[in-house]
Every structure is written in structure tokens, then in C-alpha cells.
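Read through the structure below, which is laid out as C-alpha cells, and then see the notes.
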Amino acid sequence: MQTPKEPTEAHRNFFRDVHEVVRLVPRGRVTTYGAIAHYLGARHGARMVGWAMMAAHPTVGPEAIPAYRVVNRLGLLTGRLHFATPTAMQEFLEAEGIPVVDDQVQDFKTRFWDPSVELG
DNA sequence: ATGATGACAAGTT
DNA sequence: TAACTTGCCATCA
């Protein structure tokens, strides 16, 4: 399984929506795959959300997607190995004031940002 | 065209 | 209480 390197027709509905939601995550907050999936309409497939993040990884610039703000429901940085460096994800989070210890977001429940609640 | 896989989650057994 | 099974959408072989 490789990431769609070129912006082909891959960027469709689901990926597109996932990317947009992730971009809406405010600085200093984190969300989960399930929350995004739920916001997009029930269990659209939390797995696909993670897949969408991977596809959005190489994205940089004004349309950059803060994938580091997306963790699993336990607040674990499950995708840290997919970043440029194994510690990049944690670095970004800490840079926003989100302490991370042992790949786990501290005070995760408070930092949690639920799109279906915040956005409606 | 079919089968298998993936940064998960929730419900059941 | 912990472990197992199923669902979800899209992409790759």
C-alpha cells in the first residue's frame, strides 16, 4: 500500500472531507479518527480517516494538513512513524503546548476537539 | 474483476 | 474484565 503521490482523482469526497475537518482543528487541540468519521456521518470508517491522513501527508504550505493533531481514541500518536522523523509529530504537538509523554497526549480528554460538537 | 490491507472504533462474546 | 469479530471507503496487487 503506497500513498497516492500525485494529486489524481484520489482527492474525492471522503479524503476531501477528512482533510477539511482536520484543517479546522484549532491550534493546541487534537481530535480522533473516530470523531472525524462520526462527524462525516456515523462510522464512515475510522480506518479510512487514517488512510486519508497518510495520503495528505506530503501536503505542505497553505493547504497543509495538521495530521499531527489527529490521534487515536486513546490519545496515542499512532501515526508518528509516518512523519518525516519518529519524533516530528510529538515535536509539533509540544510546539502548540500539547505535552506528549510516551506517545500519549497528556490531558487528552481536555485537549480533545470533537467536530460534531464544536462545528455542530 | 476479485481479494487483501490500512495512522481505527465499537459492539459482542 | 479482556479478547475477538465486524464495519467502513478507497487503493494496490
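Below, chain A is the first sequence line, B the second, and so on; all start at residue 1. No hydrogens, no waters, no symmetry mates; every other heavy atom, side chains included, goes into these values.
- One can place CG of A:Asp103 at 13 Å from P of B:dC8, the figure rounded to the nearest angstrom.
- What separates CG of A:Leu74 from C1' of B:dA7 is a distance of 13 Å, to the nearest Å.
- Rounded to a whole Å, the CE atom of A:Met53 is 24 Å from the P atom of B:dT5.
- Interface remark: the A:Tyr33 side chain does form a donor-acceptor pair with the B:dA7 base, using a distance-only criterion of under 3.5 Å.
- Separating the C1' atom of B:dA7 from that of C:dA3 is a span of 23 Å, rounded to the nearest Å.
- Atoms CZ (A:Arg16) and P (C:dA10) sit 15 Å apart, rounded to a whole Å.
- Looking at heavy-atom distances under 4.0 Å, A:Arg47 makes contact with a base.
- Here the C1' atom of nucleotide C:dC9 and the CH2 atom of A:Trp51 are 12 Å apart, to the nearest Å.
- Looking at the side chain of A:Met89, the nearest of the listed nucleotides B:dA9, B:dA7, C:dA10 is B:dA7.
- Here the side chain of A:Met54 is nearest to one of C:dA10, B:dA7, B:dA9, namely B:dA7.
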Would you mind writing out the side-chain donor-acceptor pairs for residues 87-94 of chain A within the sub-3.5 Å range, not counting sequence neighbours?
unit_1	atom_1	unit_2	atom_2	d
A:Gln90	NE2	A:Glu94	OE2	3.2
A:Gln90	NE2	A:Val100	O	3.3

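- The distance from the CZ atom of A:Arg111 to the CZ atom of A:Arg29 is 7.5 Å, given to the nearest 0.5 Å.
- Atom C1' of nucleotide B:dG11 and atom NE2 of A:His38 are separated by 14 Å, given to the nearest angstrom.
- Between B:dA10, B:dA7, C:dA10, one nucleotide has an atom nearer to the side chain of A:Arg73 than all others, and that is B:dA10.
- Protein atom CG of A:Leu40 is 15 Å distant from nucleotide atom P of C:dC8, rounded to whole Å.
- Here B:dA9 presents its P atom at 10 Å from CZ of A:Phe112, a figure rounded to the nearest Å.
- The residue A:Ala67 sits close to a base: some heavy atom pair falls under 4.0 Å.
- No continuous path of hydrophobic side-chain contacts links A:Val101 to A:Leu76 [ILVMFWY only; heavy atoms under 4.5 Å].
- Grouping the Ile, Leu, Val, Met, Phe, Trp and Tyr side chains by contacts below 4.5 angstrom, directly or via other members, places A:Leu77 apart from A:Met53.
- The C1' atoms of B:dA4 and C:dT6 are separated by 16 Å, rounded to the nearest whole Å.
- Taking CD1 from A:Ile98 and OH from A:Tyr68, the interatomic distance works out to 8.0 Å, rounded to the nearest 0.5 Å.
- At a threshold of 4.0 angstrom between heavy atoms, the contacts of A:Phe83 include nucleobase atoms, whether or not backbone atoms are also involved.
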